[in-house]
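Protein chains get the first letters and strands the later ones, always in sequence-line order, with residue 1 at the start of each.
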Number of protein chains: 2
Amino acid sequence: MSPRITIYDIARELNITAATVSRALNNNPTISDKTRELVLEKAKEMNYRQNKVALALKSGKTFNVGVIVPRIDRSFFATVIKGIQDELYPHGYHVIICQTYDQKESEIDNIDALLNAQVDGIFMSISNAMTELSELNRIIKKNIPLIFFDRKREMPGVSSVTINDFEGGYKATEHLIKTGCKKIAHFAGDRTLHIYRDRFEGYKKALLDYKLDFDENYVIETESKVEAGMEATNQLIKLNPLPDAVFSSSDFAAVGLIKELKANGYAIPDDFSIVGFSNEPVTQFMELTISSVDQTPLEMGRMTAQIFLEQMNSSNQVKIEKKVVLTPRLLVRMSSTKKVKNKK
Amino acid sequence: MSPRITIYDIARELNITAATVSRALNNNPTISDKTRELVLEKAKEMNYRQNKVALALKSGKTFNVGVIVPRIDRSFFATVIKGIQDELYPHGYHVIICQTYDQKESEIDNIDALLNAQVDGIFMSISNAMTELSELNRIIKKNIPLIFFDRKREMPGVSSVTINDFEGGYKATEHLIKTGCKKIAHFAGDRTLHIYRDRFEGYKKALLDYKLDFDENYVIETESKVEAGMEATNQLIKLNPLPDAVFSSSDFAAVGLIKELKANGYAIPDDFSIVGFSNEPVTQFMELTISSVDQTPLEMGRMTAQIFLEQMNSSNQVKIEKKVVLTPRLLVRMSSTKKVKNKK
DNA sequence: TATCTTTGCGTAATCGATTACATTAAGATA
DNA sequence: TATCTTAATGTAATCGATTACGCAAAGATA
């Protein structure tokens, strides 16, 4: 095992002090060119590497940030993290991943661990279960940037990057209306969560704006799973009058919806136009590609990281509180593209 | 901004020294029960948290590990990371993510950065481009556990966790043979990579074992993309005699294959039985679910982490070199399940 | 020549925790 | 009472880097 080379080792070799070595390596102007060159040469020769841990202890900056998500094996979160990483890597930051599975205890635990590890910032998609704001306040009190993405909580001095779920719901519904659908049902998620409530509200508003009746019976709450979508479909096809379109808050539910509709002999998009939400990879790989609302996760990650960098560069006096709301993009695919000749 | 509480702050409050506080907090038996209780109480009252950075500098252990993957927004890698994380989190380790996009420079860069950050271990899916073994040797020389997963390189003292790609290729092909296919084509990946070469060899061996002719014309090299699979399909359907099955090294290519076959009026699985590789989420969401070979990424991550923990717990003298080869699981789905009545 | 600047580098403190070694005081033993 | 244990705590070094402050030598100025 080769011993770690420190600035003291270099200093000893050159008969100077560690302070001089440190200054030379940091391009301090008070060091003569001769000495600087000697040091740089010797450092290279000895294969010296700066010990970031020692630096972190001295400076208080670890150049690590923590990202807290429910789980990383979900395309959406993996892509947000990719965006964060892509943006921060050139600035020398490392990204530490924490998973919570949306358990409140796990969220508190992870925050605690990240604070002990002295991260320079924490990015978080906060669960609905997390009511312990005191834990979050510990972050603020330490003056460590906390930034919410995707799912947020209102807190003074805390920035957030979210998408406009209302607009997403509105756009999806408007698209269905404009392509001729009159009786549009909605697969809603858990409406105690603001993201699902907002999508639902957008749906409702679009109906009103275009003078279509809103009927609570056309709204079916369902989980974000294929099976749940299939079950919901069985309720859907019992409706009278039968809808001619569905806006689903979840792509997975939309997949289940399509499976079950086909099994029951319905044609898509001719009998039912369908728009999902999230632009999960599966939507574009299906034989019948599914229209969906893209949440721009890459941009979300990038933006989150950018706000963090701004915050780090600003003086400590100035508290930045940015509320960025990204515009979702409607992606029209086959599941909502009726051939004109088949239009009923 | 609340100041950080240190053991010195506690010591001052109690009129004792930091050494005593440290010992009390670490359950050192030479500390009297009275003092210990006083310290613990005061620590709680002042909301003391151990500074892991200071500890890391002293102990040389950061409790951080680095994971190097080409990109994290791929289901496979995201799931491996999840496995690593799930296994290491209970032991107090944090996972730092690095993406390389399979660029050699980026791989070297990331290794360097992780070493400077003093991680306790590095887990890596190494690209084919990475020929600079000297960089990897720097890790070994520092006595930091390096563990390859998914894609490895032979190095003394380095453990690895991979799957048996040969067996995966064999199983997939054998399954097609046993369900009555006689003329099985193969979509191969880049066969300079051992994972693709092994899958190909498994395919070949299965044909030989079951007395079927191997024909190089039935092997089409293609990228792991839907579009590439579609292009390859156009070569495939020009073959004479026409194959009755395809084993694809890539699920995405299989998706393209199915799309294009259907577009050309072929029925699946009746005209073509199809098995893919990787068990990408899309394979189970398709209306026509795709048979595939699961690489057990969760187990791969878990196993990688376990080997690391073993290595950390063993004495420094003992070098552990484990080569774990996981067994892939064949998942039979609709794309290779012919109805008996339709069997040709 | 005497004094003042400037240049270049050394000294030593600091970040927060751990720990080998030293020290003190109380109780045990002869 | 004198000496020896032993329990409990203090002292100070250490991990590796940065940096305020001090100082010596060289050149500048009167």
Side-chain angles (χ1 to χ4, degrees), chain A residues 1-40 42-43 46-64 92 115-120 142-143, chain B residues 1-40 42-43 46-64 92 115-120 142-143:
Chain A
M1 164 162 54
S2 59
R4 180 171 301 290
I5 303 295
T6 72
I7 53 173
Y8 294 92
D9 299 321
I10 299 177
R12 200 178 316 114
E13 292 275 320
L14 296 175
N15 266 319
I16 55 179
T17 65
T20 306
V21 175
S22 173
R23 282 188 274 245
L25 291 172
N26 288 290
N27 276 319
N28 186 310
T30 72
I31 295 296
S32 73
D33 291 348
K34 259 176 302 176
T35 308
R36 187 194 326 282
E37 268 180 46
L38 273 175
V39 169
L40 290 178
K42 187 58 89 177
M46 299 178 76
N47 203 16
Y48 166 79
R49 308 285 159 144
Q50 190 187 44
N51 185 329
K52 297 286 184 190
V53 173
L55 184 57
L57 179 58
K58 186 71 174 80
S59 69
K61 282 198 61 179
T62 57
F63 277 93
N64 287 331
L115 288 179
N116 291 354
Q118 314 276 89
V119 293
D120 295 342
K142 284 186 191 286
N143 223 25
Chain B
M1 166 167 47
S2 61
R4 177 172 298 290
I5 303 294
T6 72
I7 52 174
Y8 295 93
D9 299 322
I10 298 177
R12 200 178 316 113
E13 291 274 320
L14 294 175
N15 266 320
I16 55 180
T17 65
T20 305
V21 175
S22 173
R23 281 187 276 246
L25 291 172
N26 288 290
N27 274 319
N28 187 310
T30 73
I31 294 295
S32 73
D33 291 347
K34 257 176 300 173
T35 308
R36 188 194 326 282
E37 267 180 47
L38 273 176
V39 169
L40 290 178
K42 187 59 89 176
M46 298 178 76
N47 203 15
Y48 166 80
R49 308 284 158 145
Q50 190 187 47
N51 185 329
K52 298 285 184 190
V53 173
L55 184 58
L57 179 58
K58 187 73 174 78
S59 70
K61 284 199 59 179
T62 55
F63 277 92
N64 287 331
L115 288 179
N116 291 354
Q118 313 279 87
V119 292
D120 295 342
K142 283 185 192 282
N143 223 23

(request) Check B/N27 against B/R36 and note the closest heavy-atom contact, atom names and distance. (result) CA-NH1, 3.6 Å
(request) Please list, by residue number, the residues of residues 47-59 of chain B whose heavy atoms come closer than 4.0 Å to an atom of DNA chain D; answer none if no residue qualifies. (result) B/L57, B/K58
(request) Taking all non-hydrogen atoms of both residues into account, name the closest pair between A/I31 and A/A24 and its distance. (result) CG1-N, 4.0 Å
(message) Between A/N51 and B/N116, is there a side-chain heavy-atom distance shorter than 4.5 Å?
(response) no
(request) Over all heavy atoms of both residues, which pair between B/S22 and B/N26 is shortest? Give the atoms and the distance, please. (result) O-ND2, 2.7 Å
(message) Looking at every heavy atom in both A/A117 and B/V53, which two are closest together, and how far apart are they?
(response) O-CG2, 3.9 Å
(request) Please list, by residue number, the residues of residues 24-31 of chain B whose heavy atoms come closer than 4.0 Å to an atom of DNA chain D; answer none if no residue qualifies. (result) B/T30, B/I31
(request) Taking the side chain as every heavy atom from C-beta outward, state whether B/L115 and A/R49 have any pair of such atoms under 4.5 Å apart. (result) no
(request) For DNA chain C, find the residues of residues 14-23 of chain B with a heavy-atom distance under 4.0 Å and give them by number; none if there aren't any. (result) B/A19, B/S22, B/R23
(request) Kindly say whether B/F63 contributes a backbone atom to a donor-acceptor pair with the side chain of B/D120 at under 3.5 angstrom? (result) yes
(message) Would A/Q118 and B/K52 count as a side-chain contact (heavy atoms from CB on, under 4.5 Å) here? Give the steps.
(response) CA-CA 7 Å; A/Q118 314 276 89; B/K52 298 285 184 190; 5.6 Å; no
(message) Is it the case that the side chain of B/R23 and the backbone of B/N28 share a donor-acceptor pair, with hydrogens and angles ignored and the cut-off at 3.5 Å?
(response) no
Hey, can you pull the donor-acceptor pairs under 3.5 Å for the side chains in residues 9-19 of chain B, sequence neighbours left out?
residue	atom	partner	partner atom	Å
B/D9	OD1	B/R12	NH2	3.2
B/D9	OD2	B/T6	N	2.8
B/D9	OD2	B/T6	OG1	3.4
B/T17	OG1	B/T20	OG1	3.3

(message) Quick check on the helix from C/dT1-D/dA30 to C/dA30-D/dT1: what's the angle between its two end axes, five base pairs per end, to the nearest 10°?
(response) 70°
(request) Taking heavy atoms of chain A and a 4.0 Å limit, find me the 5'-most and 3'-most nucleotide of DNA chain D within that range. (result) D/dG16 to D/dA20
(message) Please evaluate residues A/V21 and A/Y48 with respect to the criterion side-chain contact (heavy atoms from CB on, under 4.5 Å), reporting the C-alpha separation (whole Å), side-chain torsions for both, the decisive distance (0.1 Å), and the verdict.
(response) CA-CA 11 Å; A/V21 175; A/Y48 166 79; over 6 Å; no
(message) How long is the straight-line distance from CG of A/L38 back to CG of A/D33, given to the nearest 0.5 Å?
(response) 11.0 Å
(message) Between B/N64 and A/N64, is there a side-chain heavy-atom distance shorter than 4.5 Å?
(response) yes
